[in-house]
Amino acid sequence: MVVSDPSENPDEADQTSGSGLAAEKARRLARIQELRDRGDEPYPYRFDRSHTLGEIRLAWGALEPGTETETEVAVAGRIMLKRDTGKLVFATLQDRSDQIQLFISKAVTGDDHFADVKELDLGDWVGVHGTVMTTRKGELSIKASTVQLLSKAVRPLPDKWHGLTDTDTRFRQRYADLIVNERARRNFEIRHAVVSSFRRTLHAKGFIEVETPVLHLEAGGAHARPFVTHHNALDMDLYLRIALELHHKRLIVGGMERVFEIGRIFRNEGISTRHNPEFTMMELYQAFGDWNDVMDITEELVTQAARDALGTTAITIRGEQFDLAEPWPRKRMVDYVSEAVGREVHPSQPIDELRSLATEHGVRYEDRWGGGKLVEELFEALCEGNIVRPTFVTGHPTEISPLARVDRDDPWLTERFEIFVDSRELGNGYSELNDPVEQRARFEDEQAAKDAGDAEAGSVDEDYLRALEYGMPPTGGLGIGMDRVAMLLAGVDSIKEVILFPTLRPEPEIS
RNA sequence: GCGCCUCUAGCUCAAUGGUUAGAGCAGUGGGCUUUUAACCCAUUGGUUCAGGGUUCGAGUCCCUGGGGGCGCACCA
C-alpha cells in the first residue's frame, strides 16, 4: 500500500479554507489525520450490529410517541442528514433496509464524544449503540450512547433533497446514484427479485442451471454482430457469445433434459434506451416439449416474477392496466400483417406481390430477401409498434428462423413465437429443429447469406451438427431478456435504469 | 452513422447580448436539548464542457470538437 504525504501535494494540502470540492476534501482529510494523531482509527475493521434498520422499524414501528425503551441495539449505516439543535443532534441513518433517526444528546454521550458527533459529515458511515425510543412527535429513533465512525467519507454527497438528476452522472457514478436516489435502489431490488424468482420457478420445475462458454469459436444462435477477442496462447480469435442456444441444445442431446442459464451475452450493435452491448439473457430448453409448453412457461415465469417483485400481477403500460395472470394473446405474424394491409399475406406468395406490398407501405427491401424476410419487415414496420399488452406473436417464416422447427401445418412458417410488450421484444422461443439433415441445409442458407454480405448471418457449425447427429429429442426452447423484464416491472423506459453499470463512453477527466 | 435538445459552484437550479455570473442545499464561524429538507445570523466557493470566431461588450450569437439525452437508422 502506498501512503502519500499530504505535504508533497500542496494542491490538496493547503486548501482547507473555502468550500470548493478540493477544499472540502482537504478539510475531511485533515479530520482523518486529527483522529489518527490522537489514536483513533477512522477506518476500523468491523462492527457488530444487532439489527438492520428495517428490523428495528418492524419490531418497534408502532411505539407510542414519547416512549423510551430499555432495549439496547447496535445499528450501522450512512449519515444522510443532520439536524443540530445545540446540545442535541438528530441524524438520519440509512442502511440497505431503511432510514431511522438517531437521537444524540450531549447529556447521554458526554461532552467529548458529543464533540466528535458534531464533527461527523454527511456521507460518513457510523456504528451506533443505543436504545430504541420515539420522540414526542412520534418519530422512531435510536437514542445513541455511542456513535463510532466506521468509514470517513472524503467526498461530499449530492444534494440532500434533490439527489442526483443528471443522467450522465447517475450512470457514471452509480454508487452516488444508489446512495441518494431511492428510485434507483428500488429498480435494482426489482431486478434482483425477477432473477431470483425465475431461478425459483425453474428449479421447482426440475430445470438444471448450467454455465456454458462465453468465448465461442463461432458466434451462433442469433442474428447479431459479435465482439471479437483474441486468445494469445492459442493464437486465435474468439467471439463473445451472442446467444446461449447452441450449447444448451448440445446438453439436451447429452440427455440433461431440462437446462437453463441466466447469463451475459454481447452484441456489437447500437446503444439505445432498449439496447446495451452486454445484457442478460435467460434461456431454457425442455426435452419432450414444444413451443406451446414454453409459451406456458413464459407466462408463468413473468407472472410469478411480478408477484415476487411487486406483490401483484397488475401492471400499467402506457397508462393502461393489464393483469399478467390473464392468458396472453397468441396471434400469427402473418395474421397481424394481413390485418394491417387489408388482405391475406403469406411468405408463399409470389415475391413480386410481396415486394410491391412493401413499396406500397414504405418498407425498403433488398433483392436477396425472400418472402419470409419481407413478411417480417412488414410486421416490424406496420404492427410491432401497436402491441402494448404482453402478446405472443407466432409463426415466424422459416427463412428467418434457421434453428426453429417448421410448423406441423405450414411448411413456410415455423413453430416459433416472440413475446412483445409495449412494442418491445421481451423474448423468443420455439419448437427446436432437431433434424440434422435439415439443420445443415438451413445453416448452408445462412452461410450463403453471410457470403453475400450479411454481417449478422450465421455459418455452418459442424460441431453442433455432429451433436444433432447423435439425436436430440423433441425440445421446446425459450430465451427471455432479463433486462427487459426488469424494465417492464420497474416501469422504466431506459435499459440503463436496470443495468448497474451501463456501457458509456470514457469520462475525459475525473476530479 | 444522421437529426434535434442539452452541458453554469460539490449537488439542484437562476441569469433580454450590457455592472464584479446569482440562489438554495452542502461547507465554514456563531446561536439553539424533541428536530423532520430543522431553524436563525454571518460567510467561503466559478477555467459558465474545451477551443476558435462575431461584437464596444459573449454564460447568452456563430463554427469546430467532447460528454449526455431523445428520435431515426441499426437491432430476431
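Every chain is numbered from 1, with letters handed out A, B, ... down the list of sequences. Please read all numbers here as calculations on a predicted model, not as lab measurements.
- A:Thr273 comes within 4.0 angstrom of sugar-phosphate atoms only, judged by non-hydrogen atoms across all strands, and of no base.
- Among the heavy atoms of the strands, none lies under 4.0 Å from A:Leu157.
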Please assess A:Lys82 against A:Val117 for the test side chain to side chain contact (heavy atoms under 4.5 Å, CB included), listing each intermediate value before the final yes or no.
CA-CA 10 Å; A:Lys82 249 173 89 183; A:Val117 167; 5.6 Å; no
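- Checked against a 6.0 Å centroid threshold, the rings of A:Phe420 and A:Phe379 count as neighbours.
- Distance A:Glu432 CD to B:rA76 P: 17 Å, rounded to the nearest Å.
- Contact annotation: side chain of A:His162 to base of B:rC11, donor-acceptor pair absent below 3.5 Å.
- One can place NZ of A:Lys87 at 13 Å from C1' of B:rG30, the figure rounded to the nearest angstrom.
- Rounded to whole Å, the distance from CG on A:Leu140 to P on B:rU34 is 19 Å.
- For A:Ile271 and B:rC75, the CD1 to P distance is 16 Å, given to the nearest whole Å.
- Counting any heavy atom pair closer than 4.0 Å across all strands shown, A:Pro277 reaches no nucleic acid atom.
- Contact annotation for A:Lys143: no contact, since no heavy-atom pair falls under 4.0 Å across all strands.
- When rounded to the nearest whole Å, the span between CZ of A:Phe114 and P of B:rC32 equals 11 Å.
- Listed nucleotides: B:rA37, B:rU28, B:rA76. Nearest to the side chain of A:Arg27: B:rU28.
- Atom CG in A:Leu88 sits roughly 13 Å away from atom C1' in B:rU36 (whole-Å rounding).
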Derivation of the side chain to side chain contact (heavy atoms under 4.5 Å, CB included) call for A:Leu403 and A:Tyr430
CA-CA 9 Å; A:Leu403 300 163; A:Tyr430 31 87; 3.6 Å; yes
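- Base engagement by A:Thr85 is indicated by at least one non-hydrogen atom pair under 4.0 Å involving a base atom.
- Distance CZ (A:Phe103) to P (B:rU33): 12 Å, rounded to an integer number of Å.
- Contact between the side-chain N/O atoms of A:Arg505 and the OP1/OP2 oxygens of B:rG68 is found at a separation under 4.0 Å.
- Looking at heavy-atom distances under 4.0 Å, A:Asp84 makes contact with a base.
- Checked for salt-bridge contact, A:Glu438 and A:Arg442 meet the test: a charged N lies under 4.0 Å from a carboxylate O.
- For A:Tyr239 and A:His216, the gap between ring centers reaches or exceeds 6.0 Å.
- Counting only heavy atoms from C-beta on, A:Arg274 has its side chain closest to B:rC72 among B:rG27, B:rG68, B:rC72.
- Between the CZ atom of A:Arg136 and the P atom of B:rU36 there is a distance of 13 Å, given to the nearest Å.
- Side chains of A:Thr503 and A:Glu278: no donor on one and acceptor on the other come within 3.5 Å.
- Checking A:Glu377 against A:Ser141, the closest nucleotide of RNA chain B that is more toward the 5' end is the one next to A:Ser141.
- No hydrogens or angles considered: nothing links the side chains of A:His396 and A:Asn428 as a donor-acceptor pair under 3.5 Å.
- For B:rA76, neither phosphate oxygen OP1 nor OP2 lies less than 4.0 angstrom from any side-chain nitrogen or oxygen of A:Arg416.
- Close to B:rU33, at under 4.0 Å from its OP1 or OP2, lies no side-chain N or O of A:Lys118.
- Among the atoms of the strands shown, only primed sugar atoms or phosphate atoms (P, OP1, OP2) are found under 4.0 Å from some heavy atom of A:Gly163.
- Residue contacts shown for A:Thr135 include a base, since a base heavy atom lies under 4.0 Å away.
- Of the listed nucleotides (B:rU36, B:rA26, B:rC11), B:rU36 has the atom at the smallest distance from the side chain of A:Gln101.
- Within the nucleic acid shown, A:Asp168 comes within 4.0 Å of sugar-phosphate atoms alone, with no base atom in reach, counting heavy atoms only.
- For B:rA26, neither phosphate oxygen OP1 nor OP2 lies less than 4.0 angstrom from any side-chain nitrogen or oxygen of A:Lys82.
- Dashed line: the shortest gap from a side-chain N or O of A:Arg83 to OP1 or OP2 of B:rA37 is not under 4.0 Å.
- The A:Leu122 side chain lies nearest to B:rG27 when the options are B:rA38, B:rG27, B:rA76.
- In this structure, A:Thr167 does not reach the B:rG67 phosphate: none of its side-chain N or O atoms is under 4.0 Å from OP1 or OP2.
- If A:Ala222 and A:Trp161 are placed on RNA chain B by their nearest nucleotide, the residue sitting closer to the 5' end is A:Trp161.
- Residue contacts shown for A:Ala243 are absent, as no nucleic acid heavy atom lies under 4.0 Å away.
- Within the nucleic acid shown, A:Glu269 comes within 4.0 Å of sugar-phosphate atoms alone, with no base atom in reach, counting heavy atoms only.
- Taking only side-chain atoms of A:Glu425, from C-beta outward, the nucleotide of B:rG67, B:rA76, B:rG69 with the closest atom is B:rA76.
- Look at A:Lys106 and you won't find any side-chain N or O under 4.0 angstrom from OP1 or OP2 of B:rU33.
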